[in-house]
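Letters go in sequence order (proteins before strands), and every chain restarts at 1.
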2 protein chains.
Amino acid sequence: MSHWAVPRLNIYLRMLTWQKKSYVCEDASEVTLSGIAMLPGVGVFGTGTTARVLVPLLQAEGFEVHALWGRSEEEACGLAKELGIPFHTSQSDDVLLHQDVDLVCIYIPPSMTKQIAVKALGIGKNVVCEKAATAVDSFKMVTAARYYPQLLSIMGNTLRFLPAFVEMRQRLLDGYVGEIQVCDVRVYGPSLLDQSYGWTCEDLMGGGGLHTVGSAIIDLLSYLTSTRAHRVHGLTRTFVQQNGLIRGIRRVTSDDFCFFQLLMGSTGSGGVCCTVTLNFNMPGSFVQEVMVVGSTGRLVARGTDLYGQRNGSNGEELLLGGNGWLGPEVKEMPLPHLHGLSSMVKALRQSFQAHEERRSWDQRPVAMASTFEDGLYVQTVVEAVKKSSSTGEWVSVEIMSKEPDPNQNLCEALQRNKN
Amino acid sequence: MSHWAVPRLNIYLRMLTWQKKSYVCEDASEVTLSGIAMLPGVGVFGTGTTARVLVPLLQAEGFEVHALWGRSEEEACGLAKELGIPFHTSQSDDVLLHQDVDLVCIYIPPSMTKQIAVKALGIGKNVVCEKAATAVDSFKMVTAARYYPQLLSIMGNTLRFLPAFVEMRQRLLDGYVGEIQVCDVRVYGPSLLDQSYGWTCEDLMGGGGLHTVGSAIIDLLSYLTSTRAHRVHGLTRTFVQQNGLIRGIRRVTSDDFCFFQLLMGSTGSGGVCCTVTLNFNMPGSFVQEVMVVGSTGRLVARGTDLYGQRNGSNGEELLLGGNGWLGPEVKEMPLPHLHGLSSMVKALRQSFQAHEERRSWDQRPVAMASTFEDGLYVQTVVEAVKKSSSTGEWVSVEIMSKEPDPNQNLCEALQRNKN
């Protein structure tokens with residue numbers, strides 16, 4: 001199958017939207033007009049690949065995207081025109097305070113996510129967002145989410161919505177593999193760096209394979225196994241520190257290779273060993289394989305397909321896959337993420353459609369979503385892996401329970417000077 | 001392709017031998033009768049799968065197997081009859097001192113290997129053997145090999161002889177992948193335990209995935225990359241401690257799951273990161289995948305096939321494979337090892353055929369073989385991984401340079417008592 005560029009996807013999804021609208025007219029009892037009218041208006045932050053793909057997916061499901069934020073007026077204006085969004089701005093408040101916006105989707109550099117997400121909740125808007133840059137930021141987001149439990153606040157890890165992983169989790173709960181022993185994950189692909197120097201090149205800004213892809217895998221593993229990591233070990237490397245576009249005094253500090261191990265579940269020898277290998281020095285391919293091995297069988301998700309083999313059987317059986325994603329591919333976004341994003345938008349539609357009031361939502365369709373609490377856990381594991389990589393030791397995962405004193409370093413320095 | 005049992009292989013190889021003999025009569029100039037006559041007589045230690053497969057392979061190449069040793073008279077007698085070996089015994093000296101035996105092949109439990117190998121060299125016999133159980137044993141074997149440099153002494157790691165890996169190494173030397181960054185190895189398969197309780201169940205006896213399969217991979221990685229590990233980290237687990245056959249007070253202590261990382265080459269950030277995952281809780285499948293990723297491309301050996309992809313190309317190309325092994329499969333031995341064993345025997349034939357005198361051999365055909373020095377390195381890495389698994393820390397690989405004092409513990413205890 002050939003890779004289609006994003007504009008082709010937009011055309012495809014517009015067609016779907018038109019089809020749906022005419023369908024509604026023909027048989028109003030199936031999908032009520034009021035049901036679509038009650039969907040919340042959406043404001044989107046970001047002009048990157050995910051935002052470009054997300055907007056047409058939202059529109060295809062009946063959401064109206066009212067406002068778009070970009071870092072510059074030009075970026076925002078260009079994309080808003082392209083996607084048919086009536087309002088664009090480079091001022092975040094203009095989106096957050098927009099009267100037609102009830103749901104805010106935040107797909108911006110990690111270092112800016114916390115500020116927008118917390119503010120959006122404070123103004124009373126529902127939030128779907130990507131990960132923050134640090135555990136402290138994640139903690140602040142958790143605090144906000146706890147303070148506004150009536151608002152939807154989910155991390156946009158699309159892998160949890162991918163049908164292959166939903167099915168995999170259900171099979172694991174049903175005992176397909178028996179007692180889970182080992183999870184083995186590999187993600188290989190081309191460089192994650194942007195064309196120009198930016199946050200993707202900076203470890204501290206949330207760039208790199210561990211932060212970008214590893215965090216989605218860490219989250220996925222806890223979703224699949226219904227448990228969390230208590231000890232981690234890992235190593236990160238930056239093999240390509242300069243390239244044709246990033247050179248001179250500039251160097252990439254974010255990792256392009258990373259492997260880590262998570263010990264999950266019970267702390268004794270009975271727990272689950274997870275090994276994850278991420279390699280983004282492999283242009284021309286995208287491989288994502290998630291294998292769970294248990295006492296009586298195993299399950300493997302390759303891309304968007306799920307395979308299984310029980311001990312004693314002769315070969316693998318295809319449990320789900322092949323024909324899950326009917327839309328065109330997007331070159332910039334691997335199929336599991338594209339398909340997962342599409343499933344997430346469908347789940348959001350179901351969640352909001354269940355209620356009459358356009359800001360109300362139903363928990364059930366988005367039950368598999370990653371919460372802000374999950375986001376904090378994931379960020380904590382990511383930082384533990386980084387720490388392990390620098391110390392070479394196993395690191396315990398300790399979830400922050402109160403905000404660290406921002407003046408702690410200062411206080412310690414003063415203390416030292418006094419002695 | 002169906003799995004054939006060992007007896008089927010024997011019949012197949014006998015046929016090959018007959019064909020070769022008649023072929024020799026027809027065209028004596030091609031393979032001289034004297035060439036075959038000059039091959040050394042062979043004595044084989046062991047009655048396990050490898051020995052059962054090795055003997056017919058040797059016979060097919062024109063070696064005469066004169067003597068077989070088994071742990072019991074019954075075992076030795078049964079297999080000798082089956083394979084047409086004229087002499088059998090359970091006394092090791094009877095094989096070592098056998099006047100027609102010039103080459104000794106040792107495929108016995110690791111804890112017994114050192115004793116036989118060292119003695120064989122001392123008597124002036126050429127030796128092909130499997131790994132020993134400890135680094136101390138390996139060191140004693142190295143000492144013996146250094147003392148008799150005119151004798152052939154190689155470790156029987158068959159993977160080095162597999163054409164896919166010979167080709168892979170050559171491509172790596174030719175710069176196919178550019179600068180090597182990452183090696184990623186996975187071996188999955190069914191349990192390595194014997195039917196009854198024995199050394200395969202015991203970590204200290206040299207059982208387990210790390211010792212049995214991991215050591216072959218450690219050796220292979222140093223062969224492929226032409227470098228050695230300086231730091232290692234790993235974790236071993238025994239998920240299945242008892243089964244239908246091993247129960248009651250008996251427990252398996254050898255690992256059935258293991259992952260480890262090797263930092264190889266230069267000690268700075270420029271070295272090679274190797275990750276190895278071994279899982280032997282996967283009945284019904286055998287997967288062996290060795291991937292080397294470099295700055296300009298990658299090479300992957302899956303089973304006995306070699307694939308490559310250069311950066312910028314659209315897909316993988318098959319570099320070698322498909323039709324390498326024409327013989328039947330052996331259920332008990334994975335194809336890469338079977339094919340590698342066959343290639344090793346061919347190389348041995350070429351090595352001995354090059355000289356008139358039946359004990360003399362040529363270095364070149366067996367140049368890729370693992371030496372006893374390599375065996376000591378591998379054993380040192382295996383023990384470092386075990387140490388890392390128990391301490392949780394990275395462990396430096398320090399090759400033994402003199403034999404440790406066997407009374408060291410005793411001396412230390414006396415010292416402590418004195419104080």
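- Only the side chain of B:Gln309 comes within contact range of chain A, judged by heavy atoms closer than 4.5 Å.
- With a 4.5 Å cut-off on non-hydrogen atoms, B:Asn281 touches chain A through its backbone and its side chain both.
- If you measure heavy-atom distances from A:Arg310 to chain B, you find no contacts under 4.5 Å at all.
- Residue A:Leu263 holds its CG atom at 6.0 Å from CG of B:Leu235, rounded to the nearest 0.5 Å.
- More than 12 heavy atoms of other residues, nucleotides or ligands sit less than 6.0 Å from atom CG of B:Asp174.
- The two residues B:Trp394 and A:Gly392 come nearest to each other via the heavy atoms CD1-O, 2.9 Å.
- With rounding to the nearest 0.5 Å, the separation of CG in B:Asn279 from CE in A:Met291 is 6.0 Å.
- Here the CG atom belonging to A:Asn311 is positioned 9.0 Å from the OG atom belonging to B:Ser285, to the nearest 0.5 angstrom.
- Shortest non-hydrogen contact noted between A:Arg298 and B:Gly284 is NH2-C, 4.2 Å.
- The choice from B:Ser313, B:Pro283, B:Cys273 that makes the most heavy-atom pairs within less than 4.5 Å of chain A is B:Pro283.
- Only the side chain of B:Thr275 comes within contact range of chain A, with heavy atoms under 4.5 Å apart.
- In this structure, the separation between CD on B:Gln261 and CD on A:Gln261 is 4.0 Å, given to the nearest 0.5 Å.
- For the side chain to side chain contact (heavy atoms under 4.5 Å, CB included) test with A:Phe257, the passing option among B:Val293, B:Val182, B:Asp184 is B:Val182; the others fail.
- Residue A:Phe239 comes nearest to B:Gly271 through the heavy atom pair CE2-O, 3.9 Å, listed as atom of the first residue, atom of the second, then distance.
- Using a 4.5 Å cut-off between heavy atoms, B:Arg231 does not touch chain A at all.
- Contact of the B:Arg237 side chain with the A:Gln181 side chain is not registered, since no non-hydrogen atoms from C-beta on lie closer than 4.5 Å.
- A:Glu393 CD to B:Glu393 CD: the interatomic distance, rounded to the nearest 0.5 Å, is 5.5 Å.
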